[in-house]
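Data block below; observations after.
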Amino acid sequence: TNPGPVRVPLERCGPHRVLDFINFPQLSPPARLGVIYTTFRGSLRLLILHDEGLMTHEEAARFADELWAEVMELSATLAP
């Protein structure tokens with residue numbers, strides 16, 4: 001389950017200023033490939049994780065390219 005907002009003021013991580021912080025549950029069971037969609041300041045981001053023991057970097061990159069093309073095509077149809 002998602003624990004919800006973090007109530008701890010996280011302003012720095014070592015010498016670095018924290019600009020954004022999100023939390024989400026562990027993706028389990030471990031997947032061959034996982035996709036996380038997030039938005040921040042009006043931008044869509046995709047985080048794609050893959051198990052190197054089950055999928056090559058090239059396979060994951062090809063999937064990412066194809067997925068991003070579909071996302072862009074969908075966003076064009078939804079644009080005002």
Look up atom [atom1] in [X] and atom [atom2] in [Y], then write down how far apart they are to the nearest 0.5 Å.
| X | Y | atom1 | atom2 | answer |
| --- | --- | --- | --- | --- |
| Met55 | Arg62 | CE | CZ | 8.5 Å |
| Leu67 | Leu33 | CG | CG | 8.5 Å |
| Ile36 | Leu49 | CD1 | CG | 5.0 Å |
| Trp68 | Ile48 | CH2 | CD1 | 9.0 Å |
| Phe63 | Arg32 | CZ | CZ | 10.0 Å |

For this session: Indicate the atoms forming the closest heavy-atom contact of Leu54 with Glu59, along with that distance.
Result: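 For Leu54 versus Glu59, the nearest heavy atoms are O-OE1, 4.5 Å.
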Exercise. Which atom pair, heavy atoms only, marks the closest approach of Leu74 to Thr77?
Worked result: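 Looks like O-OG1, 2.6 Å.
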Exercise. Would you find more than 12 non-hydrogen atoms of other residues, nucleotides or ligands less than 6.0 Å from Arg17 atom CZ?
Worked result: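 Count not over threshold, so no.
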Exercise. Taking C-beta and beyond as the side chain, do Tyr37 and Leu47 meet within less than 4.5 Å on heavy atoms?
Worked result: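 No, too far: nothing below the 4.5 Å cut-off.
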